[in-house]
Amino acid sequence: MTTAFIVNSGSSSIKWELVDVESERRVRGGIVERIGEPGAAADHAEAMRGILGELGGEHPSVIGHRVVHGGSRFTTATLVTDEVEAAIEALSALAPLHNPPNLAGIRAARVAFPGVANVAVFDTAFHQSLPPAAYTYAIDSAVAHEHSIRRYGFHGTSYQYVSRRAAALLSRPLEQLKLIVFHLGNGASVAAIDGGRSVDTSMGMTPLEGLVMGTRSGDLDAGILFHLGRAGHTLPELDAMLNRRSGLLGVGGSGDLRDIQAAAGSGDAAAALALDVYHHRLRHYLGAYLVQLGGADAIVFTAGVGENSAPTRAAAVSGLGWLGIELDDARNDLRSRDARVISTDASPVAILVVPTNEELEIARQAIALVR
Ligand code: ADP
């Protein structure tokens, strides 16, 4: 059996999966949590040695690492060398919460699995195809250049997997398709994908921009920050406010969409408003990307909310028959784990649900690189 070992290393946890490369099935997987806390693994190196033990002698052909920020440098999956490690470290300025723990996982794996190739797969890489008009912020260009300020976009690994799977479901070449893909999890974003290339996406320099998320605000007037700053809020407070206490949580009282839907259903006005704002933003981007792409062949929903919430999908695309977007309510309401079509047979624009699989995409890219 040829396997790929997939690592998603966070600040206090390592999620891992062993994928059989031929069948593309998950062989084994797990999560080491509370790294650094009493009674748990002391650090990422110790956690990785523990995982090595759980692999039961299995010797992976390649190790694929999820890395959040690849900046402007990494446009594709990349073999890890000392120099690549240093570049990922340098990019920590852009993703201070994510790149350092990602790197800790890479370093631990290089020590625990000597002789096995490590491949870094970046969340940002897929969006490096964005045109300047889409990635440039309209600020002082010297400042933007000095601080590497531009749109990078995230969830790229998911978009790559989902767009390819959507093309297969439609039995059409990806190169000929215009897709709008909504990745709606705790973090949420949407991408306009033309012929397999990302041409616009809602997350920006950081994952804060764009859609309303569980605890992140998404788009807002930057002037609000100056206003709150003048009112005495510090930068760390504002950072925490917008990243951890906004979005569905800030408006509706819970960061979990299921709670919000239930509360709204039983008459909670704040939850109902949070839901309305969430849907309003989805439709805002749907309209924008239909225009940017010049129409769409399919609208695709993925991740926790996109795969499971029929009411959210319905709210995003309802009343758009005049654009050739027609949901089939019965198909939308049917629960399934499979990739599926939920538009009517007559709908010129297909509407799809495609479960994402970022681990498998990382495995594919890592294997393709070492073969
Ligand atoms: P992450 O971004 O952490 O990977 P997921 O993709 O697993 O998250 O998505 C988690 C989100 O999916 C949660 O906010 C949860 O409320 C939402 N979710 C999962 N199932 C449902 C459902 N049946 N209805 C509405 N929301 C759901």
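In what follows, every heavy atom counts, from backbone to side chain, and hydrogens, waters and symmetry copies are set aside. In each ligand, atom 1 is the first atom listed, and ligand 1 is the first ligand listed.
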**OP:** Compute whether any side-chain donor of one residue and acceptor of the other, for Tyr159 and Asp123, lie under 3.5 angstrom apart.
**Re:**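 Side chains of Tyr159 and Asp123: no pair found under 3.5 Å.
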
Original post:
Between Asn118 and Arg110, is any side-chain donor less than 3.5 angstrom from a side-chain acceptor?
Top reply: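 Per modelled atom types, Asn118 and Arg110 side chains form no pair under 3.5 Å.
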
**OP:** Identify which of Asp259, Asn186, Leu248, Thr312 has a heavy atom lying nearest to atom 10 (C) of ligand 1.
**Re:**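 Minimum heavy-atom distance to atom 10 (C) of ligand 1 goes to Asn186.
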
Subject >> Heavy-atom side-chain proximity of Glu361 to Ser158 below 4.5 angstrom >> reply: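 The answer is no; the side chains never approach within 4.5 Å.
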
Original post:
What do you reckon, does Ala303 have a nitrogen or oxygen under 3.5 Å from a nitrogen or oxygen of ligand 1?
Top reply: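 So ligand 1 has no N or O lying under 3.5 Å from an N or O of Ala303.
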
Original post:
At under 4.0 Å between heavy atoms, which part of Glu307 makes contact with ligand 1: side chain, backbone, both or neither?
Top reply: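 The answer is neither; Glu307 stays 4.0 Å or more away.
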
Considering only protein heavy atoms, which is closest to [atom], and at what distance to one decimal place?
| atom | value |
| --- | --- |
| atom 16 (O) of ligand 1 | Asp256 OD1, 2.4 Å |
| atom 17 (C) of ligand 1 | Val305 CG2, 3.5 Å |
| atom 19 (C) of ligand 1 | Gly304 O, 3.6 Å |
| atom 26 (N) of ligand 1 | Arg258 CG, 3.6 Å |

Subject >> Six-ring centre of Tyr152, Arg150 cation under 6.0 angstrom, axis tolerance 45° >> reply: yes

Original post:
How far does CG of Leu91 sit from OG of Ser72, to the nearest 0.5 angstrom?
Top reply: 8.5 Å

**OP:** Could you pull out the closest heavy-atom pair between Ala191 and His127, with the gap in Å?
**Re:**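 Distance-wise, the nearest heavy atoms are CB-CE1, 4.2 Å.
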
